[in-house]
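The structure under discussion appears below in the form of structure tokens.
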Amino acid sequence: PLHLGLTTVVFDTETGEIFDADIELNATFPLTTGEPIEYDLVSVLTHEAGHFLGLAHAAEPDATMFFSYEPGTT
């Protein structure tokens, strides 16, 4: 599947100490910050920040942490 963003966290598996975290955005998608909304940058970054904080994907389609994104939504 194509991804709008990806968060990679490097941490100590014994202590949980986070050494580094990177959020990557897929520039092949038109990420927007205003109208018209294509792929909402704030929504994508909020989702990826959730992964940085340790959140997994949600089952609810309207949740920020849902595994997929519909273009034109926030």
Side-chain angles (χ1 to χ4, degrees):
L2 296 174
H3 297 278
L4 294 170
L6 175 68
T7 299
T8 305
V9 180
V10 179
F11 61 96
D12 185 308
T13 57
E14 298 203 10
T15 66
E17 179 184 3
I18 295 173
F19 301 128
D20 183 57
D22 296 303
I23 294 177
E24 300 171 72
L25 299 175
N26 187 339
T28 62
F29 291 94
L31 297 168
T32 56
T33 58
E35 299 290 334
I37 298 167
E38 293 192 50
Y39 293 89
D40 184 57
L41 177 61
V42 174
S43 297
V44 173
L45 286 174
T46 301
H47 177 97
E48 294 306 322
H51 286 311
F52 169 76
L53 295 171
L55 299 178
H57 287 137
E60 174 59 43
D62 291 334
T64 298
M65 294 307 298
F66 191 61
F67 73 93
S68 70
Y69 176 84
E70 290 294 323
T73 62
T74 58

Could you list the donor-acceptor pairs under 3.5 angstrom formed between side-chain atoms of residues 46-55 and any protein atom two or more places apart in sequence or on another chain?
from : atom 1 : to  : atom 2 : distance (Å)
T46  : OG1    : V42 : O      : 2.7
H47  : ND1    : T64 : O      : 2.7
H47  : NE2    : H51 : NE2    : 3.0
H47  : NE2    : H57 : NE2    : 3.4
E48  : OE1    : T7  : N      : 3.1
E48  : OE1    : T7  : OG1    : 2.7
H51  : ND1    : L55 : O      : 3.0
H51  : NE2    : H57 : NE2    : 3.2

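- Listed by chain and residue number, Y69, E70 satisfy the side chain to side chain contact (heavy atoms under 4.5 Å, CB included) test with T73 (two or more places apart in sequence, or in another chain).
- Annotation: the span from N26 atom CG to L6 atom CG amounts to 10.0 Å, rounded to 0.5 Å.
- For the side chain to side chain donor-acceptor pair (under 3.5 Å) condition, the pairs that include at least one residue of residues 33-42, sequence neighbours left out, are D40-S43.
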Cut-off 3.5 Å, no hydrogens considered: what does the side-chain donor-acceptor table look like for residues 8-24, sequence neighbours left out?
from : atom 1 : to  : atom 2 : distance (Å)
D12  : OD1    : E14 : N      : 2.7
D12  : OD1    : T15 : N      : 3.0
T15  : OG1    : E17 : N      : 3.2

